[in-house]
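Down below is the structure, laid out as structure tokens.
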Amino acid sequence: MNIFAIIPAAGKGNRAGFSHNKIFEKLNGESVLCRTVRAFSRREDVSGIVLAVSADDEERAKRELTGVQGLLFCRGGDTRTESVKNALEMLSALPSPPDYVLIHDAARPFVSQNVIGNCIETVRQFGSAVCALPSTDTTVVSEAGFISEVPARERVFTLQTPQGFAFAQILSAYRRIAPDDAFTDDSGVYAKYVAPPRLFTGETRNKKLTFAEDFAMNETRTGIGIDTHRFGAEKDYVVLGGEKIPSECGLIAHSDGDVLCHAVMDALLSAAGLADIGHYFPDTDAQYKGADSLALLTRVCGLLKNEGFAVGNVSAAIVAEKPKLAPYIAKMKQNLANVLQIPESSVGISAGTNEGLGYIGRGEGITVIANALLRSV
Ligand code: CTP
Ligand code: MG
């Protein structure tokens with residue numbers, strides 16, 4: 001059994017409004033196009049993929065997909081229907097055309113292996129397989145702005161892709177398309193010229209990315225930061241998370257020595273793929289002498305905002321033999337939450353000793369490890 005995937009990617013992505021086709025937009029560092037293609041190329045039961053791309057995007061698509069096995073490119077058309085038709089024609093010219101094709105929008109990068117597997121199973125059994133989500137909202141038909149019909153909810157579905165078809169049948173259906181036909185997907189072509197297509201159940205996450213906000217929602221980043229400061233300053237307090245905590249001895253630092261804030265800042269900067277705090281606030285720069293680290297943290301938030309990120313949550317572990325920190329943790333959380341503009345419940349701070357081991361155990365310094373999650377806004 002020979003199965004091919006057809007991926008129409010030849011649109012312009014106008015509604016998303018990026019300066020490039022939306023299929024090149026990155027989600028967690030990987031383009032929409034690469035994700036979608038990878039979902040099919042990793043499958044052993046899919047022998048090849050035809051990607052329909054526009055002349056403008058062809059070079060970039062080829063570059064991004066270098067090394068993907070069994071990938072053919074065809075020129076897209078002015079409409080999605082034309083793009084799919086071109087791909088079907090390319091397959092019909094192969095020495096051994098496929099038995100089945102799975103047609104899937106490039107703009108649906110979250111298609112799961114489960115959905116693809118169900119599509120294959122269904123198309124083998126029924127000759128067609130259309131991914132469909134049962135409607136969770138009430139849907140109506142309107143006539144000139146008034147409700148004219150309320151279909152029973154169990155009878156209403158939203159269609160997604162992939163849509164699988166026996167190759168010979170979908171090819172002949174596409175070849176019969178009349179000039180005044182207007183189809184928004186392949187099931188419509190099959191329904192008109194072959195038979196009512198069979199449905200199988202889709203997934204909410206298999207969403208088509210259409211508007212800019214559909215993309216923003218999806219990017220999250222994590223980062224880690226670590227900082228250590230040595231005891232030895234002639235002070236009777238340390239500053240942690242903006243709180244002054246009584247201590248036999250202070251921490252040596254160019255700034256206020258707030259090792260907690262420093263680790264958090266590095267975690268945030270690292271999550272955004274930016275340079276570390278040493279780069280932004282060098283300890284050779286006089287303006288940072290005795291600097292209030294909460295103020296520096298505010299500036300880090302500004303840098304994140306410039307990169308299009310907001311803080312999701314932060315979590316930090318303080319390792320210190322002394323002083324005793326438990327009574328101050330609630331206040332530290334409050335301070336950090338204020339500056340990061342997140343709820344206190346999104347700031348986690350734990351404190352523990354190092355059981356007398358190593359430099360921390362000997363009371364020579366304090367180390368903090370922090371973790372941060374960012375989301376794109
Ligand atoms: N598509 C295509 N050829 C076209 C138009 C669309 O191959 N002439 C593809 C798109 O690249 C996308 C899928 O069909 O993967 C679904 O189309 P849509 O979400 O409408 O994408 P665009 O047409 O690119 O977006 P827009 O309508 O906002 O311009
Ligand atoms: Mg479109």
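When a ligand or atom number is given, it counts from 1 through the structure's own listing order.
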Ring pair (Phe, Tyr, Trp, His ring centres under 6.0 Å) between F18 and F215, worked out: CA-CA 11 Å; F18 301 127; F215 293 75; 5.0 Å; yes
Residue pairs involving residues 93-106 (criterion side-chain hydrogen bond (donor to acceptor under 3.5 Å, both in side chains); sequence neighbours excluded):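 Every side-chain hydrogen bond (donor to acceptor under 3.5 Å, both in side chains) pair that includes a residue of residues 93-106, provided the two are not neighbours, is R80-D105, H104-T161, D105-R108.
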Ring-face cation of K62 near F73 (centre distance under 6.0 Å, axis angle within 45°):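 Cation-pi check for K62 and F73: passes.
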Listed partners of R75 passing salt bridge (charged side-chain N to carboxylate O under 4.0 Å, His left out), at least two apart: E58
Please tabulate, one pair per line, all N/O donor-acceptor pairs under 3.5 Å involving side-chain atoms of residues 135-145, not counting sequence neighbours.
{"residue": "S135", "atom": "OG", "partner": "D137", "partner atom": "O", "Å": "2.8"}
{"residue": "T138", "atom": "OG1", "partner": "R153", "partner atom": "NH2", "Å": "3.4"}

Test item: D258 side-chain N/O and D292 main-chain N/O as donor-acceptor pair under 3.5 Å: no
Contact residues of ligand 1, where a non-hydrogen atom lies under 4.0 Å away: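 Within 4.0 Å of ligand 1, the protein residues are P8, A9, A10, G11, K12, G13, N14, R15, K22, G77, D78, T79, R80, S83, D105, A106, A107, K208.
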